[in-house]
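Report on the structure given below.
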Amino acid sequence: MAMLLVLFVQPLYAEANTGNEDSAGALHFVDGKGQWQEPALVLGSDFDVRVSGLIADSKLVRSFKNTSDDWREGVFVFPLPEKASVYGLTMKVGRRTIVGEVQPRAEAKKTYEAARDAGRHAATVEQQRPNLFTTRVANIPPGAEVSVELSYQQLVSYRDGVFELSVPTTLTPRYMPGEPLVVAPQQWQGGWAVPTTEVADADAISPFTVDVADVAADSHRASVRLTVDAGLPLARVFSPSHEVAARQDGQVVSVAPRAGNIVMNRDFVLRWQPIAGQEPGAAVFHQQWEGEDYLLAMVMPGRAGKTRLPRNLTFVIDTSGSMAGESIRQAREALQLGLETLAPGDRFNVIQFNSQPHALFMRPEMATANNLARARQYVSGLTADGGTEMAPALTLALEGQGENTGELQEESTRVRQVVFITDGAVGNESALFSQIRRQLGDQRLFTVAIGSAPNRHFMREAARWGRGSYTSVQDPADISGPLARLFAAMEAPVLTDIQVNWPGQSEAAMEDSFPLRPGDLFQGEPLLQVVRGVSPTGELSVSGQLPGGGKWQQNLDLQQAAPGTGLNRYWAREKIDSLLDEARIQAKEPAKTQITELAVKHSLMSPFTSFVAVDKTPARAAETRLVRDHLPTLLPAGSQPGLARYPQTATFAPLLIALGFFGLMLGAAMMLLQRRAYP
C-alpha cells in the first residue's frame, strides 16, 4: 500500500507544484486568496481601415495603460484576418516614437529580451498562426500608457455580388488534442493550455478567456472606422454583426459602429453591394515596386447551366463544448436547411462529433421522406458538450462513407460532397489540412463557419485543401441567405480545369503567378490571380471547362489596369504560403531561408520573422522589479459561460484528495483486520 501511495501521489504532487511565472497555472490575475482580480493593464484598440478596390489597408493601435504601482510587461494574444500581411510596427511612449523592423524570429526575440532586461521600452509582435499573433510590450511605467501601432493589409472577399471585410476582435478557445508533453515551461509563453503531442505550442495560442464583466469598464473596447472606395457605385453598405452609420461622399463611403466604441467580444463584419448591373465582371490592378511589375486580376465566370448530377452528401456538425449556446442553434438550423436541398436520387448521412464521432446511418442512405424525417428529428436533438476531436470525424466523413459498390455500380457519376459545420476552434490546423489532402479523393469539402468569432483561417484553408468553398454565418436572423447561395453553388461547379496564361509569360513568371494551380470555381466566386514580373501590356487569357463539357474562355486587357497599392505584399504573402504548402505536401521542412529573405525584403511578418521596436534610452532601473501580465481575451458573444478560461492557482488539492483516499483505504483495512481478530 505504501508503494501504491508513492506511485499515485507523486504525479499529483508534481502537478500541484508546476506553477511558475509563465505556466498555465501561474498567478496572473489571482490575488493572495485565490480570487479573480482585474488585470493591472487596461487594453484599448483603434482600427482605421481604408479599402481601395480589392485591397484593405489597416492601422491597428493597441494601447496598454498601467493602473498599478509596478512596472509592467504586457503580453496579449490576438486575432487578425486570415492571410493578413503585417508590414509595420510603431511604438509610442509619451512623445517618443520608435519604428520597428523585421528580424528573423530568434533574433527578434533576443533583441526584445535584452532591451526588456536592460529596462528599455520595447515591443515585439510574432505570428503564431496565419490569423493569430502575440504582442509583447516591456517596461510600461506605473500610471503611464504605451501604444503599439500595427500596419497590415488584407484582400477584400467578393462572392455573389457582395464584398465583405472582417475585423476580428476576439477568438473562441481552441481545443488542443493530444497527450500533454513533459517539457520545461517556455519562458515566452503562458496560457490555459499545456503543450501536447499534437499542438506543441498550445500554451502560446491559449490566452485566458474571461467575461466582459471581469475586466475594467474601459478595457477591451475598440473604435472602428472604415473608408470604402470600391471604385464603383454602391447600392448599400451594411453589417451583419453591428449597427453601423454610413456617410457617402461620391463613391467613397465612411462607416463606423452606430454605438461608438464596441466591446471586443465579436468580429466586426462589413459588407457592401454594387448597384445592380454594376457588378464587376473583371478587374485588374497594377503596381510597380522597386523596379518590378505586379498585377492582380479578378475574373468572374458566367453562371452555371441547369445540369445537376445525383449526389452523395455527408453533413458533419460540430457538437463540442465550444459550440454551446447560440452556435449550436445556428449549426442545427444550417443543417436543417441543408437537408431541404436534397432531391430524389441523392444519398446522404449526418455525422456529429465532439470527443468522438457518431453517424446517423451506417452508410449514406437514399433521401426518402422517411430517412429525411429521421434526420430532422436527430438533428433537432443535438446538444453541445465535450472535446473537439476533428480528425476522427474527418476520417469517418471522407473514408467511411463510401457507397456499396455492389449495389451502385451504375451510379458512378454520383458527386461526393461533405459539408463541415463548425467554429473551427482547434489548435492542430496544419495536421488537419494534411489529413484532408490525404483522404479527400474525388470528393469536395465545403466549410460553414458558425459563431461570433470563428477560426476563419482553418475554415477557409480547409475548404481550399478540400477543393470546395467557405461560407460564414454572421447574422443569426439571416442564416438562410448565405447557406442558400452555398447549396445552390454546390449543385455543380461553374468552371473546372482552369488555365491562366499571362502575355509573354516566361517560365520564371509562371512560377511567380499565384495560385499556381487554381481550383474549381463555384457559382458566384471570382478567380483571383497575382503575378510578379509581367508588364501591363497585352491580354490575360483565362479558360476552363463548363459543367456540360463545353469550353469557356475570357480575355482581359491588361492596359486597362487601375493603379494598385500593396500588390507586392500580397504577392509575397501568396509566395510564402505556396512554399509552406509545398513543404506540407512533400512532408519536409519549409524553405526557412527563402521565406525569411522574402519576408524581410517586403517587410512582412511570417512564421520565421517578427517585428521588434526598441528604445535606446533605459527607463526602468535594474533593481526595480518588472511584473508580467498576460492579458485575457473576451468570451465570444453567444458562447456559454463554461467556455471561460480563468487563471488558476497551483494548490495541494490533488495531494490532499489522495491522502484522504488513502486514509479511507487504511481505515477500511483496519476494520477488516479487527473483524478477523475478534469474530
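Between Val494 and Glu525, every side-chain heavy-atom pair lies at or beyond the 4.5 Å cut-off. Between Ser472 and Met459, the closest side-chain pair of non-hydrogen atoms is not below 4.5 Å. In this structure the side chain of Pro392 never reaches within 4.5 angstrom of the side chain of Gln356, judged on heavy atoms. Side-chain atoms of Arg159 and Leu486, non-hydrogen and from C-beta on, do get closer than 4.5 Å to each other. When side chains are defined from C-beta on, Met176 counts as touching Ile205, because their heavy atoms get closer than 4.5 Å. Between Gln554 and Pro301, every side-chain heavy-atom pair lies at or beyond the 4.5 Å cut-off. For the pair Trp465 and Asp581, the minimum side-chain heavy-atom distance is below 4.5 Å.
Tyr87 pairs by the side chain to side chain donor-acceptor pair (under 3.5 Å) definition with Asp57, not counting sequence neighbours. With sequence neighbours excluded, the residues that form a side chain to side chain contact (heavy atoms under 4.5 Å, CB included) with Ala453 are Thr170, Thr172, Asp267, Pro636. Applying the ring-ring contact (aromatic ring centres under 6.0 Å, His included) test to Phe315 and every residue at least two apart in sequence or in another chain returns nothing. Applying the side chain to side chain contact (heavy atoms under 4.5 Å, CB included) test to Ser327 and every residue at least two apart in sequence or in another chain returns Met323, Ile450. With sequence neighbours excluded, the residues that form a side chain to side chain donor-acceptor pair (under 3.5 Å) with Thr388 are Ser320. Under the rule for a side chain to side chain donor-acceptor pair (under 3.5 Å), the partners of Arg569 that lie at least two apart in sequence or sit in another chain are Gln153. By the side chain to side chain donor-acceptor pair (under 3.5 Å) test, Gln435 is found to be paired with Thr395, Gln439, residues two or more places apart in sequence or in another chain being considered. With sequence neighbours left out, Val156 forms a side chain to side chain contact (heavy atoms under 4.5 Å, CB included) with Val51, Ala56, Phe163, Leu165, Trp272. For Leu527, the side chain to side chain contact (heavy atoms under 4.5 Å, CB included) test picks out Ile498, Val500, Pro518, Leu521, Gln529, Val542, with sequence neighbours left out. Evaluation of the ring-ring contact (aromatic ring centres under 6.0 Å, His included) rule for Tyr175 yields no partner, not counting sequence neighbours.
Sorted by first and then second residue, the salt bridge (Lys or Arg N to Asp or Glu O under 4.0 Å) pairs with a member in residues 585-597 form an empty list; sequence neighbours excluded. The salt bridge (Lys or Arg N to Asp or Glu O under 4.0 Å) analysis of residues 164-174, with sequence neighbours excluded, yields the pairs Glu164-Arg271, Arg174-Glu429.
A ring-centre distance under 6.0 Å is not found for Tyr378 and Phe361. Between Tyr294 and Phe285, the ring centre distance reaches or exceeds 6.0 Å.
Between the side chains of Asn354 and Thr319, at least one donor N or O sits under 3.5 Å from an acceptor N or O. Judged purely by distance below 3.5 Å, without hydrogens or angles, the side chains of Thr471 and Arg485 never pair a donor atom with an acceptor atom. Using modelled atom types, one finds a donor on one side chain and an acceptor on the other under 3.5 Å when comparing Thr422 with Asp318. Asn455 and Asn131 share a side-chain donor-acceptor pair at under 3.5 Å.
The two residues Ser610 and Met605 have their closest heavy-atom pair at CA-CG, 4.4 Å.
For Ser85 (side chain) and Tyr570 (main-chain N/O), no donor-acceptor pair under 3.5 Å exists by modelled atom type. Formation of a donor-acceptor pair under 3.5 Å by the Gln417 side chain with backbone atoms of Met490 is found in this model.
A salt bridge between Asp512 and Lys575 is present, with a side-chain N of the basic residue lying under 4.0 Å from a carboxylate O of the acidic one.
A distance of 4.5 Å separates NZ of Lys83 from CG of Asp577, quoted to the nearest 0.5 Å.
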